[in-house]
Amino acid sequence: MTRKAMNGCASLMLLISIGLVAGPAFSQTAVTGTVSGEVRDAAGKPLEFVTMLLVRTKDSTLVKGAISDAAGRYILENVAAGSYRVATSLVGYQKVFSAAFTIDADHPTVTVPSLVTQEDAKTLSEVKVTAKKPFIEQLADKTVVNVENSIVASGGNALEVLEKAPGVLVDSQNDRISLKGRDGVLIMIDGKPTFLSAAEVANLLRNTPSYSIQSIEIITNPSARYDAAGNSGIINIKMKRGTNQDGTNGSASLGGGYGRFPKANAGLTLNHRQGNWALFGNYNYDYREGFGTVDAYRYFKEGNSVRNKGYRPSEFGGHTFKTGADYFLGKKNTFGFMLNGMINANRAQINNDNYLYDANSVLQSLLTLVNASRRTMQRLAGNANYKHTFDGNGKELTMDLDYSRVNINPRDNMITRTFNALNEETAPALLQRNTTQSEVSIRAGKLDYVHPLGKGAKLEAGWKSSFVTTDNDVKFEQQTAGNWQIDPNRTNQFVYKETIHAAYLNGSKDWGKWSVQGGLRMEHTHSVGNSVTMNKVVDRSYTNLFPSAFVTQNISKEHQLRYSYSRRIDRPSYQDLNPFIYIMDPYTYSQGNPFLQPQYTNALQAAYTYKGATNISVGYNRTLDVITYMPEQNDETKVTRQSVINLNTLHNYSLSIGFPVTITKWWTMRQSIDLFYNKYNAEYLNQKLDYSRFAANLTMNHSFVLPNGFTAELSGFYNSPGVYGILKPMSIYAVNMGVQKSFWDKKANLRVNVNDIFFTQKFRGVIDYSNLNLRFISTGETRVVRATFTYNFGNRNIKSARQRRTSVEDEQGRVGQ
């Protein structure tokens, strides 16, 4: 954690305390004056994040507080008549007082001469000891996983880190990410969605190296300012930026690892600030070989069965990059642009052996499918943004324009062979191939306005419009007599166009120990799904209102209560709406559903916080038209079709507990416990579906400060059995550990870690419903030893580039393959 960031956090906490102590006094005193000024360091440069304290001259009692901006300026409004001084408070700097001045009818406005403060070496040394953030940090409105300084998270990828987050479950079999027992998580990167389907989101996170991530934010109940998508909340992955002085800095990293196969990675981050310009950029390369296995049994009512054994070795190479700039025009205007992208290629050989047994478990036949699969993906997104600050009171206007384009090009070459029980080939080999070219373009713009009303109140309003076009062209061919012939039943072009216009109004107010926030978001959606080959068009238009409300009660400095409500929507991914067929093995295929409806969730939550660290929350969520992946089996052909449908209702109850424990000065830990109960109320395959189950997700992280500059971490998680639709996943757990050594005045560090030490991270599940009876276990290369070396160079005090929430915030999460 940088000193500037720590100063900002400390200043914010101090201002909250000021509001609690001084709030009642404000309501009883007439407001007549304004105090303003600036603060600088010994070299004359402006200081940001300085807490400015207005105190009475006679007894130095605290009256008001403010924080200096990037130009070192501050303003204190609504100051009652009297005699005052202004004092500075900044971690790492000496405290400085202004000369006394008076606010009265003749002097309603006072400009304090510039205050100059110097660094305090003693305080700075203390900051270095205490400034490190915990791996898992529980804040009032979200949970933060601090990846940047984590030892166990280095050298891996974003999906592996996400698996360690409290309340998060990653289903590696179906590439589904759920939060506190609920699907429909909106995944964002730097505040903008990925525009990918569930499978593509998982693939993107696998291809995002962990060393390029700063932190992961888990927001379970977002306000009206956010897109209404994500029935279980938002997971925002914040990528690394630089660290308020002119100059250049950066970092370089190099790493490698080995499980069953080798891995390697490298990255470079650069930041430059000069005058009115701030430039930033980064590039990462990741090479990885790995494997996946599946062992599944399907049982049929006649007594016979099919066993599917699959093995998938793979090779991946990927490039990710980001570049951008901010230009500061005066003190009130900032222009910026950002360009980021990804180029990757993946090769895999999918080997599926399917054994058919009779009722006496005697082998009848064997079908083998070998799929030589190649996949490329290019993603490029551009953003132009503008911010205008009207005054020093927080009134501001921000605008964003975005364009994003994604091209996905998978190619499959399949050979299917049939053998009898004597391993004799009984039919000619079946040769098939398919290409699934997908192109997605997104244009979006948004406008946000913040207007303070004084006395702890403010209004926020905004507008967003997005225009999305997807074109999926699936060509499936089969070789006949040496010639490739189009299979019309599996070839399809699907074009989907969607326009969403949204507007919101959000208001908040502080009354002493109470804070209230309420908002309303309206979204109008018009979509047209056109299956060109099948000559089938689905045209929809609908408008929804999404209210939200938040109440915070600060009982004392140590105790806080929070209450919240929101209504949210999850629209189907573009891929799930496409009715094309994708073969998974000779007995399994998947198919999209163009008639899929959105799902809606009403969420209630109450939470208690003790000393800003221990958190207990209870929640209830009711979801209608639940979007769920469901299988359907043909008993005659033994073939299972997987599709996405709407189930009637899901009730979700949750209890979450998170608390830190300091065992000794060198050993601290944080535990998180998430308990939830899912209950489905629906009908599927002409049978009532009323599955319900209690489940738990436990995470722990231990941090150790060792002699001679060494630090260490030990982390782990446990997910109990649960229920998702008709799938009942079994328990899964893993333990990870890592050691770090810093060098060269902490400019460099070497991290060595081992993930899934006991190789227990295997996904198992059961489906036993209607005529479906399935047992499976899926594994991947989760046990890996990694070493990562990082070197930081240049001026460490350069301010980070601004974190932008662009206008493409929902659509990116829904791009198909």
Side-chain angles (χ1 to χ4, degrees), residues 138-143 166-169 178-186 217-236 504-509 513-523 544-555 559-570 598-610 614-628 647-658 672-682 692-697 722-724:
Q138 184 65 59
L139 303 180
D141 58 342
K142 59 191 171 186
T143 301
V168 176
L169 175 64
S178 61
L179 179 60
K180 295 188 177 181
R182 294 179 289 142
D183 291 335
V185 183
L186 175 61
E217 299 176 336
I218 302 172
I219 310 169
T220 57
N221 218 351
S223 71
R225 183 165 183 169
Y226 289 90
D227 290 324
N231 92 86
S232 64
I234 293 173
I235 295 178
N236 181 32
Y504 75 88
L505 182 65
N506 206 51
S508 61
K509 171 68 176 175
K513 295 183 178 181
W514 292 86
S515 296
V516 178
Q517 180 185 152
L520 182 65
R521 187 180 185 91
M522 181 187 72
E523 294 189 353
N544 298 115
L545 295 176
F546 301 97
S548 61
F550 306 85
V551 178
T552 300
Q553 180 185 6
N554 294 294
I555 301 174
H559 305 276
Q560 183 188 75
L561 292 175
R562 305 186 308 278
Y563 316 90
S564 63
Y565 163 78
S566 66
R567 182 174 187 256
R568 306 194 64 75
I569 185 175
D570 273 295
Q599 67 179 22
Y600 298 89
T601 298
N602 287 281
L604 288 165
Q605 188 179 73
Y608 164 74
T609 300
Y610 175 66
T614 299
N615 294 268
I616 302 174
S617 66
V618 293
Y620 168 70
N621 300 272
R622 182 172 182 262
T623 303
L624 301 178
D625 295 326
V626 186
I627 298 176
T628 312
L647 295 178
N648 186 20
T649 309
L650 168 63
H651 301 272
N652 170 268
Y653 305 84
S654 64
L655 169 64
S656 299
I657 303 172
S672 297
I673 304 171
D674 291 282
L675 307 175
F676 49 87
Y677 174 74
N678 280 348
K679 179 175 176 58
Y680 288 86
N681 182 12
S692 62
R693 192 164 195 172
F694 283 99
N697 172 257
V723 59
Y724 298 91

After noting the C-alpha distance and the side-chain angles of V516 and T552, does the key distance pass the side-chain contact (heavy atoms from CB on, under 4.5 Å) rule?
CA-CA 6 Å; V516 178; T552 300; over 6 Å; no

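- T623 and T601 form a side-chain donor-acceptor contact under 3.5 Å, judged by distance and modelled atom types alone.
- Between Y620 and H651, the angle of the ring planes stays under 30°, which puts this pair in the parallel group of the 30/60° scheme.
- Taking both residues in full, the closest heavy atoms of S692 and V723 are given as C-CG1, 4.2 Å, listed atom of the first, atom of the second, then distance.
- Note: I569 CD1 to D625 CG = 10.0 Å, rounded to the nearest 0.5 Å.
- Atom CD1 of I673 sits about 10.0 Å away from atom CG of N697, to the nearest 0.5 Å.
- In this structure, A682 and L647 approach most closely via the heavy-atom pair CB-CB, 3.9 Å.
- Atom CG of L624 and atom CG of N602 lie 7.5 Å apart (nearest 0.5 Å).
- Side-chain atoms of Y680 and N648 include no donor-acceptor pair closer than 3.5 Å.
- Taking all atoms of both residues into account, the shortest heavy-atom contact from S617 to A607 is CB-CB, 3.7 Å.
- Within the model, atoms CD of Q605 and OG of S656 stand 7.0 Å from one another, a figure rounded to the nearest 0.5 Å.
- Side-chain N or O atoms of R622 include none that pairs as donor or acceptor with a backbone N or O of N652 at under 3.5 Å.
- Distance check: R568 CZ to N544 CG gives 12.5 Å after rounding to the nearest 0.5 Å.
- In terms of heavy-atom proximity, A696 sits nearest to L675 at CB-CD2, 3.5 Å.
- Shown here for Q560 and N554, the closest heavy-atom pair between the two residues is NE2-OD1, 2.9 Å.
- Checked against side chain to side chain contact (heavy atoms under 4.5 Å, CB included), F694 has the following partners two or more places apart in sequence or in another chain: Y677.
- Between A603 and N621, the closest heavy-atom pair is CB-OD1, 2.8 Å.
- With rounding to the nearest 0.5 angstrom, the CD atom of Q517 is 6.5 Å from the OG atom of S548.
- The main-chain N or O of I627 is found under 3.5 Å from a side-chain atom of Q599 such that the two form a donor-acceptor pair.
- Classified by interplanar angle (parallel below 30°, tilted 30° to 60°, perpendicular above 60°), the ring pair Y600/F546 is parallel.
- With no hydrogens or angles considered, a side-chain donor-acceptor pair links H559 and Y608 at under 3.5 Å.
- Side chains of L561 and I555 form a contact here, defined as non-hydrogen atoms less than 4.5 Å apart.
- A heavy-atom distance below 4.5 Å is not found between the side chains of V626 and T649.
- Within the 4.5 Å cutoff, the side chain of N615 has heavy atoms near those of the R562 side chain.
- Using a 4.5 Å heavy-atom threshold, the side chains of N678 and R693 count as separate.
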